[in-house]
Amino acid sequence: GESVGLHLPTLSVQEGDNSIINCAYSNSASDYFIWYKQESGKGPQFIIDIRSNMDKRQGQRVTVLLNKTVKHLSLQIAATQPGDSAVYFCAESHDPLVFGKGTRLSVIA
Amino acid sequence: KAGVTQTPRYLIKTRGQQVTLSCSPISGHRSVSWYQQTPGQGLQFLFEYFSETQRNKGNFPGRFSGRQFSNSRSEMNVSTLELGDSALYLCASSLLPSSDTQYFGPGTRLTVL
């Protein structure tokens with residue numbers, strides 16, 4: 001079946017460094033992807049999205065890259081801060097949305 | 001603009017009981033989706049409602065049901081609770097159904113004893 005997965009379940013990054021969180025998707029027909037951030041005790045929070053007609057999209061300190069050739073999505077966080085510590089999910093536009101398992105980002109001060 | 005609200009935030013029930021969870025979407029949003037989140041299974045889709053109609057349903061038993069009211073508020077009900085139903089239940093709203101960006105509420109933490 002179609003699925004959205006994550007390459008790494010956990011990621012530890014030094015404060016100030018850049019973080020890269022990866023996601024693989026399997027449905028080549030998917031045309032919309034979303035990244036969410038979930039902090040402990042809270043619901044997932046929308047970070048950034050990208051449509052399949054784009055390769056890159058930038059937000060505030062975050063960049064999402066889409067490689068349709070290898071069906072790969074990544075979230076880059078610049079100058080990672082302690083407040084970035086959370087679980088990050090990618091979601092693939094399906095009907096309904098399909099979520100990956102999540103990557104836990106830990107920021108080391 | 002107020003975000004998605006869910007009530008109650010925490011619930012403790014015993015096996016065999018039933019429970020009703022409530023979700024108020026962002027003003028103007030007509031689509032509401034429900035998810036179950038557990039450490040082992042991640043985010044699993046339960047169902048989606050749009051304009052008071054169920055559009056999609058996930059792979060959950062019939063004990064899980066939901067509805068949506070004319071003001072877009074939604075409720076989900078779980079009957080005959082089982083220990084495995086312990087989870088965080090998340091509601092998300094969007095302007096349009098399915099592929100549109102969904103905005104999540106804080107969730108309801110259900111513990112079944």
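Labels below follow one simple rule: chain letters A, B, ... track the order of the sequence lines, proteins then strands, and each chain is numbered from 1.
- Among the residues in residues 61-71 of chain B, none has a non-hydrogen atom closer than 4.5 angstrom to a non-hydrogen atom of chain A.
- Using a 4.5 Å cut-off between heavy atoms, B:R9 contacts chain A through its side chain alone, with no backbone atom that close.
- Under the 4.5 Å side-chain heavy-atom criterion for grouping Ile, Leu, Val, Met, Phe, Trp and Tyr, B:L46 is not connected to B:V4 through any hydrophobic cluster.
- Taking CD of B:Q37 as the start and CZ of A:F99 as the end, the distance is 9.5 Å to the nearest 0.5 Å.
- Heavy atoms from other residues, nucleotides or ligands lying under 6.0 Å from CG of A:N53 number more than 12.
- If you measure heavy-atom distances from A:Q45 to chain B, you find no contacts under 4.5 Å at all.
- The contact list for residues 84-93 of chain B toward chain A, using heavy atoms and a distance under 4.5 Å, reads B:L88, B:L90 by residue number.
- For the pair B:F45/A:V98, no side-chain contact is recorded, criterion being any heavy-atom separation below 4.5 Å from C-beta on.
- One hydrophobic cluster, built from ILVMFWY side chains closer than 4.5 Å, holds both B:L81 and B:W34.
- A:I34 and B:Y35 fall within a single hydrophobic cluster, where Ile, Leu, Val, Met, Phe, Trp and Tyr are joined by side-chain heavy atoms under 4.5 Å apart, directly or via other members.
- A continuous path of ILVMFWY side-chain contacts below 4.5 Å connects A:V64 to A:I21, so both sit in one hydrophobic cluster.
- One finds the CG atom of B:L43 at 9.5 Å from the OH atom of A:Y36 (value rounded to the nearest 0.5 Å).
- Residues A:D49 and B:T101 come closest through the heavy atom pair OD2-OG1, 3.6 Å.
- Relative ring orientation between B:Y103 and A:F46 is described as tilted, the plane-to-plane angle lying within the 30° to 60° band.
- The line from CD of B:E48 to CG of A:L97 is 8.5 Å long, rounded to the nearest 0.5 Å.
- Taking hydrophobic clusters as Ile, Leu, Val, Met, Phe, Trp and Tyr residues chained together by side-chain heavy-atom distances below 4.5 Å, B:Y49 does not share a cluster with B:L95.
- Residue with the most contacts toward chain A among B:G58, B:P106, B:G42, B:G105: B:P106 (heavy-atom pairs, distance under 4.5 Å).
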